[in-house]
Protein chains: 2
Amino acid sequence: MSLATVAAAAEVSISTVSRIVNGQTHRASRETIERVRGAIETLGYRPNQLGRALKRGESRVVAMLTANLNNPVMATVASSAEAALRAAGYVMILCDTHDRPELQDEYLKAMRSQAVQGYILVTNVKSPGLAEFVARGEPAVFACRRNPYASGAFVGIDNVGAGADAADYLWSRGCREPAVLFPAQSSSTIEDRLAGFSMRLLELGGRCSKAEAPGLSHLDVGYEAARSLLDRASLPQGVMCLSDQIAYGAHRLFFERGLRVPDDCVMVSIDGSTLSSWLAPWLTSVRVPYHEFGRHIVDLLGEIWRGEASGERILPHAFQSDVSSDFE
Amino acid sequence: MSLATVAAAAEVSISTVSRIVNGQTHRASRETIERVRGAIETLGYRPNQLGRALKRGESRVVAMLTANLNNPVMATVASSAEAALRAAGYVMILCDTHDRPELQDEYLKAMRSQAVQGYILVTNVKSPGLAEFVARGEPAVFACRRNPYASGAFVGIDNVGAGADAADYLWSRGCREPAVLFPAQSSSTIEDRLAGFSMRLLELGGRCSKAEAPGLSHLDVGYEAARSLLDRASLPQGVMCLSDQIAYGAHRLFFERGLRVPDDCVMVSIDGSTLSSWLAPWLTSVRVPYHEFGRHIVDLLGEIWRGEASGERILPHAFQSDVSSDFE
DNA sequence: AGTATCTTGGCAAACGTTTGCCAAAGCTGT
DNA sequence: ACAGCTTTGGCAAACGTTTGCCAAGATACT
């Protein structure tokens, strides 16, 4: 079914139907408009987005490239972005790059040939394709992780501040020499959180030991980092985990070794996922408002499309207090 | 950049370039082909999928409608479907219906106007739009939850059998009168698991008490169902939770009341998400191979497109034994 | 030499839209 | 009666593809 079908049913030309579909009411008589609207209604016509996109040069499709959908943080951001895009009349293509540069480049090319109108990037993996992409000035918003090639549209939190808050928390709980667990594969987010944490601790007069580990997922990272920590030194009073997932991994090792959190060792992390309040009551988290990210991402995309200079959106973080507000 | 650009660069006609792009090597001389390939290479040309889709009538885009991306089960299925689609040269549009009928209908219409080539549906919410959709015979594969209007392509597990396995497990642990926790909002999956569980228990000579609760998410369901259970009767030896999320919710209530799992009460569930092995070592699960779903979904879609009668794929489930195989 | 076949490649229509332009008709005012 | 304006609506080109058809040249066969 196409404009032609409707036009035939209403006995007008295709152009007339097209104009009415697009709300140009001053180009046809009231009577014609009603006839056409009736035909559209009875046929259940909806304009073909392919034809429209081809002609108009805007597809109303946005691509989201995410590092790993199985990470609940990414899933939450994807979900909130999807909802915000839908509300704005867009549709989301989801691409899971698994943080692999070749796959990322492949996706960037594929999305270009899909003529997508904008990009949401949750990645900081460098790749030749991404470098060109940024250089071409494609309309993109980075979320969680900063653009590794340039500054620009970004939605995230003040990771330095969040790290500092975690340090304050541990300090207030009496930890003077906490450990910090972090992944070998770094990123702007990780670095900032780490920097904020250790700087604040230094300011306060404390010091921290660091345990780093490689790993496919932050779960593994946490587990391995905790292992190397415990194998190397005695149990610290407190442990700072740079993400919830790292905390989960670390907790697993603690559990296996019969250590109890927070009785034997306080644990703090950054992310504050909803699941933690159910499954990890032992964990204290700096809560990041991932549910809000989508709205701001779409705002920024809008600014870019309108040609406005678009900056960063740094959203507020806080210690987890009221869980209920987590649900919309 | 379009075929026209390449044609100009290679000094041939648009048709010739198009044929070469599509692998018709017998319609041009070796020399011409090389010249065209060179031009494509240097320009970095990729065919515009919009034009192609419009002409060919197949968009190589598949829509996935999922009930709630924040549910890790859905996220896993989405992730595996995305990977399988990508490998087959397709692209995935993700739609989060939040199990709301109007939103589902809105998405179905929107996807139709996007000319998507196939659908992956993780829903059993009835809606007028879905009824028409099924009646039209659109190419769709249902995953996890069965088509509420007809039989047909489906990927899932034997939920009756999984329920029975859970009953066997609790029986083997000495539970003679376990409780079962389930959501008020039912579905084929829930019903089957419940039926399999209680039938097997009856066969074995046991009986079960049931606790049902409404809730936005299964986390709430588990919490509330556990509350109503404990308020009503004494603590059973074992609790069967119809999903991992229900188990998490129930555990939270148990934790608040100072009850320990599995010391005070054995808990079993169906899903076996990766996260459980990290965060919920107290939980025993029937493991569902959600990571494999994507592959089978795409297989079935292929069968449908080729016009083959496509049936159901019932994948094997098992008790969680080796966690490591969970990762690809 | 004449005919048949193969190779090479271009023309043009079509997919469903949008929109600038033109034309016919209906009006007003002189 | 005629110029000028508004209303109404159609024609046709364009977006980037694909593909049936035709044509010119080359080669092979009788």
Side-chain angles (χ1 to χ4, degrees), chain A residues 1-40 43-61 89 91 109-117, chain B residues 1-40 43-61 89 91 109-117:
Chain A
M1 172 180 11
S2 68
L3 281 180
T5 327
V6 181
E11 293 177 305
V12 292
S13 81
I14 291 180
S15 341
T16 302
V17 182
S18 173
R19 283 192 267 254
I20 291 172
V21 165
N22 291 301
Q24 283 192 36
T25 53
H26 61 294
R27 293 300 310 274
S29 64
R30 182 170 308 278
E31 188 200 6
T32 307
I33 292 182
E34 294 206 347
R35 201 153 28 109
V36 170
R37 291 236 171 99
I40 289 175
L43 288 166
Y45 168 79
R46 302 246 349 222
N48 179 319
Q49 296 294 337
L50 294 179
R52 178 172 277 188
L54 193 54
K55 187 63 181 70
R56 295 216 252 211
E58 50 169 60
S59 59
R60 298 197 83 76
V61 174
V91 139
K109 278 190 195 154
M111 290 306 105
R112 199 181 182 196
S113 79
Q114 284 286 343
V116 307
Q117 212 177 332
Chain B
M1 172 180 12
S2 67
L3 282 180
T5 326
V6 180
E11 294 177 307
V12 292
S13 80
I14 290 179
S15 340
T16 302
V17 182
S18 172
R19 283 192 267 254
I20 291 171
V21 166
N22 291 300
Q24 284 191 37
T25 53
H26 61 294
R27 293 298 311 274
S29 65
R30 183 169 308 278
E31 187 201 6
T32 308
I33 292 182
E34 294 205 347
R35 198 153 28 106
V36 170
R37 291 236 171 97
I40 289 176
L43 287 166
Y45 168 79
R46 299 232 16 208
N48 178 319
Q49 296 295 336
L50 293 179
R52 179 174 274 188
L54 194 55
K55 187 65 181 77
R56 294 218 257 215
E58 50 169 62
S59 58
R60 298 196 83 77
V61 174
V91 138
K109 279 191 195 154
M111 290 306 106
R112 200 182 181 194
S113 79
Q114 284 286 343
V116 307
Q117 212 177 333

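Protein chains get the first letters and strands the later ones, always in sequence-line order, with residue 1 at the start of each. It should be emphasised that the depicted structure is a prediction, and the values quoted were computed from it without experimental measurement.
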S.K.: Counting side-chain heavy atoms from C-beta on, which of D/dG20, C/dT18, C/dC21 comes nearest to B/R19?
M.R.: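 So the side chain of B/R19 is nearest to D/dG20.
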S.K.: Please confirm whether the shortest side-chain N or O distance from B/Y45 to OP1 or OP2 of D/dT17 is below 4.0 Å.
M.R.: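 So the side-chain polar atoms of B/Y45 do come within 4.0 Å of the phosphate oxygens OP1 or OP2 of D/dT17, strictly under.
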S.K.: Ignoring hydrogens and angles, answer whether the base of D/dG16 and the side-chain atoms of B/R56 contain a donor-acceptor pair closer than 3.5 Å.
M.R.: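 Checked by distance alone, the answer is no.
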S.K.: Do the side-chain N or O atoms of A/T32 get closer than 4.0 angstrom to the phosphate oxygens (OP1, OP2) of D/dT8?
M.R.: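 No, outside the criterion.
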S.K.: Check this for me: A/E11, atom CD, are more than 12 non-hydrogen atoms of other residues, nucleotides or ligands nearer than 6.0 Å?
M.R.: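 Counting other residues, nucleotides and ligands, CD of A/E11 stays at 12 neighbours or fewer.
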S.K.: Look at the side chain of B/S15 against the base of C/dC11 and say whether a donor-acceptor pair falls under 3.5 Å; ignore hydrogens and angles.
M.R.: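 In this structure, the two groups form a donor-acceptor pair.
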S.K.: Just checking A/S18: base, sugar-phosphate only, or nothing, at a heavy-atom cut-off of under 4.0 Å?
M.R.: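 If one applies the 4.0 Å heavy-atom cut-off, A/S18 turns out to touch a base.
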S.K.: State whether A/R52 places a side-chain N or O below 4.0 Å from either non-bridging phosphate oxygen (OP1 or OP2) of C/dT18.
M.R.: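 It does, given that an N or O in the side chain of A/R52 lies less than 4.0 Å from OP1 or OP2 of C/dT18.
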S.K.: Tell me, do B/R52 and B/V21 make a side-chain contact under 4.5 Å, heavy atoms counted?
M.R.: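 Sidechains of B/V21 and B/R52: in contact.
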S.K.: Hey, is the side chain of A/R27 pairing donor to acceptor with the base of D/dG9 inside 3.5 Å?
M.R.: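 It does, because a donor-acceptor pair links the side chain of A/R27 to the base of D/dG9 below 3.5 Å.
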S.K.: Counting side-chain heavy atoms from CB outward, which of C/dG9, D/dT18, C/dT17 is closest to B/L3?
M.R.: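 It is D/dT18.
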S.K.: Mark yes when over 12 heavy atoms from residues, nucleotides or ligands other than A/Q24 sit less than 6.0 Å from its CD; otherwise mark no.
M.R.: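 Count over threshold, so yes.
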